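Okay, structure first, notes after.
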Amino acid sequence: MNKILKALIFDKNARVTIIDTTKAVDEAIKTHKFSPLAAAVFGRALTAGGYISVNLKGKSKFSMIIKGGGPVGNVVVTGESDNIVRGFLSNPAVELPLREDGKLNVGGAVGKDGHIWVIKDYGLKEPYRGSSQLVSGEIAEDFAHYLLKSEGIRSAVVLGVKVDKNGVLASGGVILEAMPGITENQLVMAEDIMQNLSSISSIMQLKTIEEIFDFYFGHLNSEILSIEDLRYECNCSKERIENIIKGLGKDEVYDIIKNTGKFEITCQFCLKEYTYSKEEVDKLWEM
Ligand SMILES: [Zn+2]
């Protein structure tokens with residue numbers, strides 16, 4: 001299931017978001033032929049993207065790019081309001097030996113020599129741009145650090161993906177945000193709970209997001225605000241692709257046509273191929 005649960009706990013002194021991206025990652029593995037390690041990187045980043053999308057205000061869109069110098073290359077997630085997300089990795093086949101604790105080496109794949117960037121476009125003059133340095137490349141810590149440095153949000157973030165040779169078993173995460181009124185006691189409890197949620201993918205394999213909320217947060221003066229679907233969708237279209245082709249410029253496009261007889265372009269997010277004959281390209285510049 002792809003779902004997002006938003007709730008308040010501790011008498012509104014903290015916000016909890018629980019996100020299940022299992023189905024999205026399953027679909028992405030099939031489309032992008034992700035290695036297990038790539039699927040783990042992608043699932044964690046897509047879950048963070050789900051959190052951004054569910055918190056967008058009005059009609060808007062966002063992009064998140066994580067670039068840490070590791071062998072997976074760029075990690076890109078974009079989306080829109082209404083909980084729509086998509087993404088891709090530069091190197092979907094990335095592989096590394098397992099870590100000593102038997103886990104996939106997400107931090108090694110992403111690297112930590114770089115930044116996380118988030119752009120939110122609310123349709124105003126200037127989009128919001130935030131960034132922070134990577135901490136570990138494991139994405140959860142990096143995202144929490146980003147939220148603090150760029151958006152002033154004190155949070156704890158757990159993200160996890162469990163895969164086997166047949167595909168994804170679970171992917172998702174929990175983000176807990178402390179509000180200004182939070183007490184010392186509540187902070188200690190919150191830390192404890194997030195510690196217990198650290199293997200979130202194993203928990204998500206057995207429980208729905210509602211069950212996770214009830215079990216870990218239900219007794220803490222809590223209130224569920226919403227449970228919504230998360231949509232894993234591309235927004236590419238002939239029109240968008242034609243704008244990209246026009247953006248490349250006539251010379252470059254006709255250069256390629258001269259060599260191959262046609263112009264082919266693949267959407268990086270869903271790998272859909274768009275092919276244009278010379279006549280069709282001619283028409284683009286007649287319009
Ligand atoms: Zn597409």
Side-chain angles (χ1 to χ4, degrees), residues 1-4 19-35 37-54 56 59-67 72-94 109-110 116-123 127 139 161 163 167-168 171-172 228-249 252-253 256-257 260 262-278 280-281 283-285 287:
M1 294 299 273
N2 298 325
K3 278 199 178 297
I4 302 185
I19 305 172
D20 183 346
T21 52
T22 307
K23 213 166 151 257
V25 174
D26 186 52
E27 222 177 290
I29 288 175
K30 287 176 187 139
T31 311
H32 292 269
K33 311 267 184 294
F34 284 143
S35 66
L37 179 56
V41 172
F42 185 81
R44 290 188 191 187
L46 196 75
T47 302
Y51 168 84
I52 299 175
S53 77
V54 78
L56 287 174
K59 249 295 79 348
S60 38
K61 51 191 181 182
F62 79 93
S63 309
M64 177 178 79
I65 300 156
I66 302 169
K67 202 173 174 177
V72 78
N74 294 349
V75 179
V76 179
V77 175
T78 74
E80 289 105 47
S81 23
D82 300 327
N83 315 337
I84 301 172
V85 289
R86 68 191 74 87
F88 67 88
L89 307 173
S90 305
N91 178 9
V94 64
V110 172
I116 173 168
W117 288 274
V118 175
I119 300 161
K120 297 185 210 172
D121 188 348
Y122 291 107
I139 302 181
V161 180
V163 277
V168 64
S171 169
E228 296 170 35
D229 286 333
L230 177 72
R231 288 152 64 191
Y232 175 67
E233 282 173 18
C234 197
N235 64 344
C236 66
S237 64
K238 246 178 123 69
E239 201 187 357
R240 286 180 75 98
I241 294 292
E242 285 168 10
N243 279 331
I244 294 171
I245 297 176
K246 282 188 189 167
L248 288 172
E252 187 168 340
V253 173
I256 292 167
I257 291 177
T260 63
K262 59 189 177 197
F263 189 82
E264 279 179 317
I265 187 163
T266 304
C267 172
Q268 287 177 293
F269 291 94
C270 69
L271 303 186
K272 189 173 169 186
E273 279 179 34
Y274 292 83
T275 307
Y276 288 82
S277 65
K278 178 173 179 300
E280 285 171 308
V281 171
K283 268 194 207 135
L284 289 182
W285 268 281
M287 285 193 292

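One-based numbering, in listed order, for ligands and for the atoms of each. In this text, all values refer to a predicted model and were calculated from it rather than measured experimentally.
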Going by heavy atoms in the side chains, are [X] and [Y] under 4.5 Å from each other?
{"X": "K238", "Y": "Y276", "answer": "yes"}
{"X": "V253", "Y": "I257", "answer": "yes"}
{"X": "K3", "Y": "K23", "answer": "no"}

Give me the ring orientation class for F42 and F34: parallel if the planes are under 30° apart, tilted from 30 to 60°, perpendicular past 60°.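 Because their plane-to-plane angle lies in the 30° to 60° range, the rings of F42 and F34 count as tilted.
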
Quick one: name the protein N/O/S atoms under 2.8 Å from the Zn ion (ligand 1), chain by chain.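 Checking every protein N, O and S atom gives C234 SG, C236 SG, C267 SG, C270 SG.
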
Quick check on K67: does its NZ atom have over 12 non-hydrogen neighbours (other residues, nucleotides or ligands) under 6.0 Å away?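 Count not over threshold, so no.
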
Working to the nearest 0.5 Å, report the span between OG of S35 and CG of N91.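 It is 7.5 Å, given to the nearest 0.5 Å.
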
